[in-house]
Protein chains: 4
Amino acid sequence: MQSRTPAPRATGRPRSAAADAAILAATRAALVELGWSRLTLSDVAFRAGVAKTTLYRRWAGKNELVVDAVAELFDELELPDRGSLAADVEGVVLQFAAILDRPEARSGLMGAVAEAARDDVLRERIRASIVERQKRLVVEGRARAQERGELPYEEDPRTAARTVDLIFDLVAGAVVHRALVSSEPVDADWAVSLTQVLLLGIAGAAQNPAGSV
Amino acid sequence: MQSRTPAPRATGRPRSAAADAAILAATRAALVELGWSRLTLSDVAFRAGVAKTTLYRRWAGKNELVVDAVAELFDELELPDRGSLAADVEGVVLQFAAILDRPEARSGLMGAVAEAARDDVLRERIRASIVERQKRLVVEGRARAQERGELPYEEDPRTAARTVDLIFDLVAGAVVHRALVSSEPVDADWAVSLTQVLLLGIAGAAQNPAGSV
Amino acid sequence: MQSRTPAPRATGRPRSAAADAAILAATRAALVELGWSRLTLSDVAFRAGVAKTTLYRRWAGKNELVVDAVAELFDELELPDRGSLAADVEGVVLQFAAILDRPEARSGLMGAVAEAARDDVLRERIRASIVERQKRLVVEGRARAQERGELPYEEDPRTAARTVDLIFDLVAGAVVHRALVSSEPVDADWAVSLTQVLLLGIAGAAQNPAGSV
Amino acid sequence: MQSRTPAPRATGRPRSAAADAAILAATRAALVELGWSRLTLSDVAFRAGVAKTTLYRRWAGKNELVVDAVAELFDELELPDRGSLAADVEGVVLQFAAILDRPEARSGLMGAVAEAARDDVLRERIRASIVERQKRLVVEGRARAQERGELPYEEDPRTAARTVDLIFDLVAGAVVHRALVSSEPVDADWAVSLTQVLLLGIAGAAQNPAGSV
DNA sequence: CAGTAAACGAGACGGTACGTCGTGTCTTAGG
DNA sequence: CCTAAGACACGACGTACCGTCTCGTTTACTG
């Protein structure tokens with residue numbers, strides 16, 4: 001993660017590197033036990049074996065702390081090569097669903113997004129450290145499919161970027177909505193259905209440039 | 001909305017009917033000004049010209065109150081006949097985005113979902129009063145397309161229901177994710193792209209029963 | 001006790017006479033269990049099997065209700081003839097102490113006096129229904145002692161009244177202070193000591209008109 | 001006054017010494033304006049320019065706080081040498097009455113005593129910080145009278161202590177009762193009468209050891 | 001290797017909201 | 001007109017957390 005405070009110090013006692021990790025882990029543990037609204041910074045500080053002061057010296061508040069703690073979760077996502085684009089997509093959908101099944105992700109992510117509705121800085125932080133960070137999966141999956149010949153190479157970089165954005169919002173949005181809003185299970189069958197609609201839709205749209213996809 | 005307290009009373013002063021509406025309106029106003037986390041029940045009570053006691057007599061807490069207040073927002077969604085399935089979908093996507101652009105919906109909806117991560121009763125309340133309630137749009141849109149001959153009639157009711165669920169999560173999820181998580185604008189172009197992928201995907205899947213869509 | 005509301009009514013349903021007694025008894029029971037500050041009118045109404053409305057129709061509030069409930073306690077005081085002035089005084093001191101040992105009297109009386117510090121009407125109510133009412137004991141005891149020849153007859157009625165007041169404040173004050181403020185037992189030995197000082201003091205003062213006692 | 005929290009802390013930010021004095025003064029001011037029952041700790045905190053938390057960190061509640069605030073009032077009592085025992089007693093009676101004429105003493109003292117009826121710890125606190133503390137006046141007055149030859153020296157310490165207790169309850173009780181219960185003025189005439197009865201009674205009892213006074 | 005500057009723990013501080021409770025008033029239906 | 005029942009506006013309760021502060025202590029780099 002990028003440094004929270006931009007200016008490096010040359011003098012004085014350096015900040016404990018262990019404290020950062022302990023605090024983020026404690027934050028996730030508190031999210032599991034308490035959820036977003038009952039999570040308190042005093043409690044996180046106690047769990048991390050750290051004074052409240054130390055915590056406030058590094059993060060501006062609960063929102064920022066939780067975003068950092070949750071963002072680390074999504075770094076676990078990988079895109080192992082399963083032989084076909086459809087299999088790759090189904091695999092990452094199930095991986096994503098597995099993360100969203102963990103309580104620290106469920107309450108942490110949505111709580112942060114709720115706060116971001118009224119906080120531009122926080123919204124940008126989420127966009128940068130979660131959304132942009134995970135779009136790598138779409139980019140990587142497309143490249144692999146292009147190598148396999150499953151997808152044509154897109155010439156226009158603007159069009160390519162917009163397609164990545166659309167697919168990311170479609171897949172991530174569908175999984176989050178089903179898991180957290182509709183409260184329905186994201187199982188293998190559902191992943192297959194979603195993947196089928198998605199890939200057929202993309203393939204069809206590629207032949208029909210009217211919608212500029 | 002269904003009654004909050006199941007048992008009707010035969011005796012004593014009856015509850016003020018006007019209070020309910022005033023409280024829900026005050027809740028939305030408070031969401032606009034303060035957002036989820038700074039919204040307080042004391043403040044809502046004051047805005048509604050009502051005592052805190054009255055509020056707690058009717059709702060169990062902030063979560064339940066906000067869900068009811070937000071649910072009313074989505075009842076504004078309509079499906080005007082624009083002549084084609086694609087136009088209908090694009091229209092409802094933009095309507096949905098317009099609602100999600102209002103601050104009371106942004107912070108209220110996500111805040112409630114965040115809390116629902118640890119509260120089964122609240123999760124069911126969201127599912128019933130928001131999700132199931134708005135699936136009517138998908139059902140209605142499909143019926144209209146079938147009348148127009150744009151979509152075949154689906155024989156198996158289970159398959160039909162699963163398709164409705166998938167499409168609802170896909171569309172609602174994509175719009176919510178783009179608007180609230182990715183923080184990108186949901187404009188007409190994006191709506192066209194989404195609709196194109198969606199309809200081509202559905203059409204393709206209907207010809208290929210493997211994924212049972 | 002005198003009627004709380006002066007105007008008699010000619011029409012409508014008459015007030016239940018039993019309710020008054022039930023309410024005062026319930027008040028004393030609540031004082032025993034809860035003390036002054038935790039006694040609530042809702043609780044008293046429930047104990048008396050009466051609606052809160054009924055209670056407020058008859059008493060202005062907690063203070064007035066408790067004064068009436070406590071005043072009845074002191075009506076139990078009697079002055080049985082024990083053969084000598086000293087014995088009579090000792091007897092009434094112990095009776096008084098016995099009443100002050102009951103929790104409804106302890107907290108009720110002092111609570112009312114505390115409120116009376118800022119409420120002239122309440123202060124007058126206490127003076128009339130408790131203080132003046134019980135001065136009968138001093139007057140009666142003096143008359144009996146004069147019949148026995150233990151005390152001379154006082155000619156001047158003003159002097160007589162001032163002496164009654166002084167003795168009442170002395171005896172009642174000493175007992176209340178020892179029992180409730182100093183928290184020491186009022187036993188037979190202490191009653192003897194008090195009586196001795198009191199009677200010798202009165203006797204001496206009667207011979208020495210300087211202090212106009 | 002004794003420390004409220006026995007354990008001294010070695011670490012953390014030390015408690016503000018100024019806050020204690022400000023809180024006690026604010027408590028007395030609130031008693032003057034509001035009386036016992038309408039005094040609220042929120043109001044006291046606001047007057048003292050202190051958070052409610054600070055107040056609850058130092059006192060268990062309203063009762064304890066008021067006892068401490070009132071106890072300080074009685075420390076103003078002195079026993080200036082007026083040349084004779086009678087004059088000394090009359091002087092202290094009038095001083096005591098002057099304090100009881102202040103509204104903070106009237107409602108504070110009686111309110112605390114009322115609550116003490118059901119609270120052993122509070123009763124002991126009153127006994128220690130008000131009663132025992134002010135018995136010094138009786139002890140000092142007796143010593144001075146013995147030096148003057150107005151009173152004999154008492155050999156038996158137990159008898160001496162019981163006499164101090166009796167006289168304190170007699171004088172304090174009579175003044176409190178006249179001022180607060182009977183609601184009659186404690187003026188110079190009444191002080192003379194009380195003193196006369198008291199001193200003659202003590203003198204008589206000293207010659208008659210039957211009552212062991 | 002002593003000085004110094006910042007990080008650290010502890011916990012008090014002024015605030016603010018909580019959810020509950022009591023007050024005294026009111027509004028209904030019934031006697 | 002009284003009564004029981006209970007909703008109502010108001011406001012205090014005592015608790016909990018916030019984010020800041022003031023301490024005494026610890027730890028590394030620097031002169």
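Each chain gets a letter, A, B and so on, in the order its sequence line appears, and its residues count up from 1.
- Within the structure, every side-chain polar atom (N or O) of T11(B) is placed at least 4.0 Å from both OP1 and OP2 of dT28(E).
- If you take CZ of R57(A) and P of dG19(F), they are 16 Å apart, rounded to a whole angstrom.
- Straight-line distance from the CG atom of L39(A) to the P atom of dA16(F): 17 Å, rounded to whole Å.
- Closest non-hydrogen pair, A105(C) versus L73(C), comes out as CB-CD1, 3.8 Å.
- Residue contacts for G61(A): at a heavy-atom cut-off of 4.0 Å it reaches no nucleic acid atom on any strand shown.
- When each of A17(B) and L41(A) is assigned the nucleotide of DNA chain F with its nearest heavy atom, A17(B) is the one assigned upstream, toward the 5' end.
- Checking the phosphate oxygens (OP1, OP2) of dC8(E), a side-chain nitrogen or oxygen of R58(A) falls inside 4.0 Å.
- Going from atom CG of L55(A) over to atom P of dT20(F) covers 12 Å, rounded to whole Å.
- If you take CZ of F46(A) and P of dG9(E), they are 13 Å apart, rounded to a whole angstrom.
- Closest to the side chain of A51(B), out of dA4(F), dC13(E), dA9(F), is dA9(F).
- Here T54(D) reaches the OP1 or OP2 of dG14(E): one of its side-chain N or O atoms lies under 4.0 Å away.
- Taking side-chain N and O atoms only, S42(B) has a distance below 4.0 Å to OP1 or OP2 of dC18(E).
- An OP1 or OP2 oxygen of dA6(E) is reached within less than 4.0 angstrom by no side-chain nitrogen or oxygen of R15(A).
- Between the CG atom of L65(C) and the C1' atom of dG24(E) there is a distance of 14 Å, given to the nearest Å.
- Salt bridge absent: D119(A) and R123(A) never bring a charged side-chain N and a carboxylate O closer than 4.0 Å.
- Atom-to-atom, OH of Y56(C) to P of dT27(E) comes out at 17 Å; the value is rounded to the nearest Å.
- The base of dC8(F) does not come close enough to the side chain of R13(B) for any donor and acceptor atom to sit less than 3.5 Å apart.
- Judged by distance alone, with hydrogens and angles left aside, T53(B) brings a side-chain donor or acceptor within reach of the base of dC10(F), the pair sitting under 3.5 Å.
- Side-chain atoms of K62(A) come within 3.5 Å of backbone atoms of L39(A) as a donor-acceptor pair (strictly under, hydrogens ignored).
- Atoms CD1 (I23(C)) and P (dC2(F)) sit 14 Å apart, rounded to a whole Å.
- Judged by distance alone with a 3.5 Å cut-off, no donor-acceptor contact links the side chain of K52(A) to the base of dG9(E).
- The minimum heavy-atom distance between L41(A) and G61(A), with the atom names listed, is CD1-C, 4.2 Å.
- Here the shortest heavy-atom pairing between V50(D) and A19(D) reads CG2-CB, 4.2 Å.
- No more than 12 heavy-atom neighbours from other residues, nucleotides or ligands sit within 6.0 angstrom of CZ on R38(A).
- Each of V50(A) and D43(C) was assigned the nucleotide of DNA chain E with the nearest heavy atom; the assignment lying further toward the 5' end belongs to V50(A).
- Nearer to the 5' terminus of DNA chain F, by closest-nucleotide assignment, is the contact made by G49(C) (compared with the other of G49(C) and G12(D)).
- Between the C1' atom of dC17(F) and the CZ atom of R38(B) lies a distance of 16 Å, rounded to the nearest Å.
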